[in-house]
A.B. asks: 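I am attaching a structure below and will ask some questions about it afterwards.
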Amino acid sequence: MKYIETSILLTFLLCCINSCAVDKKKGDAKPNILLILADDLGYNGLGCYGSDLVETPNIDQLCAHGMKFTDGYSAAPTCAPSRAAIMSGQYAPRTDKYRVMEHHKGKEEFMNFLMPADALELRLEKITIAEALKDDGYSTAMFGKWHLGYDKKNHPLHQGFDEAIKNTGMKHFNSGTDPHMDMPEGTYISDFFTDKGLDFIDRKADDENPFFLYMPYYLIHAPFEAKEEYIEHFKNKLPKDTPERYILWCAMTKSLDENVGQLLSKLEEKGITDNTLVIFSSDNGGVPNKVETNDFNKPLRLYKGQTYEGGMRVPYIFKWPGIIKANSVCHEPIHGIDLYPTCLDAANVIPQKDYILDGLSLMPCLTSEGQDKLDRDALYWYYPKCAGYNPKTDKWRDTWRNVIRMRDYKLIENIEFGTVELYNLKEDIGETNDLSTNMPDKVKELQSYLKRWKKSIGAAEPIPNVNRDNSNAKINQPM
Ligand SMILES: [Ca+2]
């Protein structure tokens, strides 16, 4: 009898301990959140994602202490729409952020269909991830590339950040200076932003309230400016026939890695590593090298700006000691729209009523060693952008694409030419084998999902262009 009583008591105590552990995971201790976003860093741009060119010891260690996703996607294959989705938690048809600049839609005179207009900014009425966390008591800051509105009224200070430093307009640079940022001459810009981030952590680490720090670096976006010592280092280390651009990217990636290392060391120094969720990703795939290949995207097809995997599949790393198992891998397809609900879930913040979030919290994946699946049929991309038809070369550089990824399959709709492509990404990650002719039922199925999604979200349908200039005979030839 006594034994049974003891064992009941023990079981009861164990349950208490267990539930306490769960409470600690999902309960009162709100984590700090450090969101690091690289720019134009391809899927194969890190050691932990397989690159044998770069040196990324700090990011590799982040990966070793956390979880990496193999099937993580940016919300778009270019900067601004990708960032709009991260900040708003919404698909493009809700934000109307489709392109970086309106003229990027290409020359309308050659198009079969007209595209919806771009919002040019992230509208102020959107409740950003920073606003949602700030409302819950988080201290918020961002230092780096904003790209969601270029005038004063669209400054991140008006989108939920207590502190923010961004570039002037849409200028891109890695060396040099910017008169609006009080930046010492000769400073490498990522180092400048990192110093601001370190200072913010220094000031906020001991606060009662947690912080949300967003670090969107310019690295490794053009212009390809790197520190001389790193250029020399990679020139000496890599084979003589290595393209110059790869050497520059390696040198720039080394700076990115160093910056990440400094932020992680600061968390250690302040004793807040265990209560900080660190997220690392990139806003889109790598740009092409001059010969139109990119080893930083290997083994994926093409590059930034394209809806093939090379434009959109990017690294995603999450670290939160005690919650996310070290060295774990998740194969669940995820998307830029998922970061917002993930951060809110981690922080136990309920999204504002009536504000629509299109993504899902990744916490089920993050807390199950990557085993749990998300309750979602498919991921979508709506990308009305077109570099246009070029009469000089008689070629299209790009056309409007919509995309669905459902389990192993991906379907790309080419609006301009009314064609589709279908790939089985599990068997064909390089998208070399178009299955659309052989699998008409699968095409039909995915197209019906895509159609339903577009309708549900109010995505603009293509408008036939009655003013199209048909004078060039080859205009209907696909790329
Ligand atoms: Ca980018």
Side-chain angles (χ1 to χ4, degrees), residues 33-41 74-76 78-88 95 97 99-101 118-124 126-134 138-201 203-204 211-223 225 252 255-256 259-260 262-263 279-284 336 339-340:
I33 300 171
L34 168 58
L35 171 57
I36 305 169
L37 194 66
D39 196 343
D40 292 3
L41 179 75
S74 59
T78 49
C79 308
S82 170
R83 286 154 200 265
I86 293 171
M87 281 297 119
S88 68
T95 62
K97 268 313 292 171
R99 305 173 278 276
V100 177
M101 300 294 281
D118 189 89
L120 304 179
E121 62 197 39
L122 183 63
R123 294 192 190 101
L124 293 176
K126 294 293 171 192
I127 300 170
T128 67
I129 183 173
E131 284 169 320
L133 291 168
K134 185 181 158 80
Y138 271 71
S139 299
T140 55
M142 81 136 258
F143 306 108
K145 173 170 166 173
W146 176 238
H147 245 52
L148 295 173
Y150 305 114
D151 57 17
K152 268 190 188 152
K153 89 174 165 54
N154 292 299
H155 197 279
L157 290 171
H158 304 303
Q159 288 279 31
F161 290 98
D162 299 327
E163 303 178 27
I165 298 178
K166 66 178 276 294
N167 61 321
T168 306
M170 64 169 300
K171 180 181 177 185
H172 279 95
F173 62 117
N174 290 299
S175 297
T177 189
D178 185 321
H180 295 269
M181 293 201 305
D182 194 19
M183 193 183 151
E185 190 75 38
T187 314
Y188 198 61
I189 191 168
S190 64
D191 294 346
F192 171 76
F193 288 133
T194 300
D195 284 347
K196 299 292 172 191
L198 297 175
D199 173 60
F200 178 80
I201 298 172
R203 285 184 284 115
K204 301 295 173 187
F211 64 75
F212 171 61
L213 174 59
Y214 175 42
M215 296 293 297
Y217 286 107
Y218 285 84
L219 296 168
I220 59 170
H221 195 291
E225 298 162 340
M252 292 167 83
S255 284
L256 172 69
N259 291 137
V260 172
Q262 285 174 354
L263 292 168
I279 304 171
F280 177 94
S281 189
S282 173
D283 69 339
N284 50 253
L339 292 179
Y340 187 140

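Counting from 1, the numbers follow the sequence of the chain as shown.
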A.B. asks: Starting from the C-alpha separation in whole Å, work towards a yes-or-no answer on side chain to side chain contact (heavy atoms under 4.5 Å, CB included) for His221 and Cys79.
C.D. replies: CA-CA 10 Å; His221 195 291; Cys79 308; 3.9 Å; yes
A.B. asks: Give every residue pair that meets the salt bridge (Lys or Arg N to Asp or Glu O under 4.0 Å) criterion with at least one member in residues 153-165, sequence neighbours excluded.
C.D. replies: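 Pairs touching residues 153-165 that pass the test: Glu121-Lys153, Lys134-Asp162, Glu163-Arg203.
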A.B. asks: Taking all atoms of both residues into account, what is the closest heavy-atom pair of Arg99 and Ala80, and its distance?
C.D. replies: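 That would be O-CB, 3.9 Å.
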A.B. asks: Look up atom CE in Met142 and atom CD1 in Ile165, then write down how far apart they are to the nearest 0.5 Å.
C.D. replies: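 Reported value, rounded in 0.5 Å steps: 9.0 Å.
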A.B. asks: Go through it in stages, so that I can follow the logic: the residues are Met87 and Lys126, the test is side chain to side chain contact (heavy atoms under 4.5 Å, CB included), and I'd like the CA-CA distance, side-chain angles, deciding distance and then a yes or no.
C.D. replies: CA-CA 9 Å; Met87 281 297 119; Lys126 294 293 171 192; over 6 Å; no
A.B. asks: Could I get the full list of salt bridge (charged side-chain N to carboxylate O under 4.0 Å, His left out) partners for Arg83, not counting sequence neighbours?
C.D. replies: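 Salt bridge (charged side-chain N to carboxylate O under 4.0 Å, His left out) check on Arg83 returns Asp39, Asp283.
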A.B. asks: Between Ser190 and Tyr217, is there a donor-acceptor pair closer than 3.5 Å when you use the side chain of the first and the backbone of the second?
C.D. replies: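 Not at all, since once roles are kept as given, no pair shorter than 3.5 Å links the two residues.
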A.B. asks: Considering all heavy atoms of both residues, which atom of Met215 and which atom of Leu34 are nearest to each other, and what is their separation?
C.D. replies: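 Nearest heavy atoms, Met215 then Leu34: CG-CD1, 4.0 Å.
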A.B. asks: Of all the heavy-atom pairs spanning Ile127 and Tyr340, show the shortest one and how long it is.
C.D. replies: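 Ile127 and Tyr340 have their closest heavy atoms at O-OH, 2.7 Å.
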A.B. asks: Any idea which heavy atoms bring Leu339 and Ile129 closest together, and the distance?
C.D. replies: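 Shortest heavy-atom separation between Leu339 and Ile129 comes out as O-CD1, 4.1 Å.
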A.B. asks: Using the ring-ring contact (aromatic ring centres under 6.0 Å, His included) criterion, which residues pair with Phe200? Sequence neighbours excluded.
C.D. replies: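 Phe200 satisfies ring-ring contact (aromatic ring centres under 6.0 Å, His included) with Phe211 once adjacent residues are dropped.
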A.B. asks: In terms of ring plane angle, is the pair Phe212 and Phe161 parallel, tilted or perpendicular, where the classes change at 30° and 60°?
C.D. replies: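 Aromatic pair Phe212/Phe161 classed parallel.
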A.B. asks: How long is the span from the OG1 atom in Thr128 to the CD1 atom in Ile86, to the nearest 0.5 Å?
C.D. replies: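 Spacing of OG1 (Thr128) from CD1 (Ile86) equals 12.5 Å.
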A.B. asks: Shortest non-hydrogen contact from Asp40 to Asn284?
C.D. replies: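 For Asp40 versus Asn284, the nearest heavy atoms are OD1-ND2, 2.7 Å.
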A.B. asks: ring-ring contact (aromatic ring centres under 6.0 Å, His included) with Tyr214: which residues, sequence neighbours excluded?
C.D. replies: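 Here no residue qualifies.
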A.B. asks: Could you grab the distance from atom OG of Ser82 to atom CG of Leu148, nearest 0.5 Å is fine?
C.D. replies: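 So the OG of Ser82 and the CG of Leu148 are separated by 9.5 Å.
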A.B. asks: Once you round to the nearest 0.5 Å, how far does CG of Leu263 lie from CD1 of Ile201?
C.D. replies: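 So the gap between those two atoms works out to 5.0 Å.
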A.B. asks: Suppose the criterion is salt bridge (Lys or Arg N to Asp or Glu O under 4.0 Å): which pairs have a residue in residues 184-197, not counting sequence neighbours?
C.D. replies: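 For residues 184-197, and leaving out neighbouring residues, the salt bridge (Lys or Arg N to Asp or Glu O under 4.0 Å) pairs sorted by first residue read Asp191-Lys227.
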A.B. asks: Working to the nearest 0.5 angstrom, can you tell me the gap between Phe143 CZ and Leu198 CG?
C.D. replies: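 These two atoms lie 10.0 Å from each other.
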A.B. asks: Would you say Pro184 and Phe192 make side-chain contact, with heavy atoms under 4.5 Å?
C.D. replies: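 When only atoms from C-beta onward are counted, Phe192 and Pro184 do touch, with a gap below 4.5 Å.
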A.B. asks: Quick one: does Gln159's side chain have a donor or acceptor within less than 3.5 Å of a partner on Leu122's backbone?
C.D. replies: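 Side chain of Gln159 to backbone of Leu122: a pair is present.
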A.B. asks: Quick check: closest heavy atoms across Ala75 and Pro81, and the distance to 0.1 Å?
C.D. replies: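 Where Ala75 meets Pro81 most closely, the heavy atoms are CB-O, 4.4 Å.
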A.B. asks: Using 0.5 Å steps for rounding, measure from the OH atom of Tyr150 to the NZ atom of Lys166.
C.D. replies: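 Rounded to the nearest 0.5 Å, the OH-NZ separation comes out at 8.5 Å.
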A.B. asks: Under the side chain to side chain contact (heavy atoms under 4.5 Å, CB included) rule, what do His147 and Val100 come out as? Steps first, then yes or no, please.
C.D. replies: CA-CA 8 Å; His147 245 52; Val100 177; 3.8 Å; yes
A.B. asks: Lys152: what forms a salt bridge (charged side-chain N to carboxylate O under 4.0 Å, His left out) with it, not counting sequence neighbours?
C.D. replies: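 With neighbours one apart ignored, the set is empty.
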A.B. asks: Could you go through the side chain to side chain contact (heavy atoms under 4.5 Å, CB included) check for Asn259 and Leu219 one step at a time?
C.D. replies: CA-CA 10 Å; Asn259 291 137; Leu219 296 168; 4.1 Å; yes
A.B. asks: Would you check if the side chain of Thr187 reaches a backbone N or O of Ile189 as a donor-acceptor pair within less than 3.5 Å?
C.D. replies: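 Side chain of Thr187 to backbone of Ile189, a donor-acceptor pair under 3.5 Å: no, none is there.
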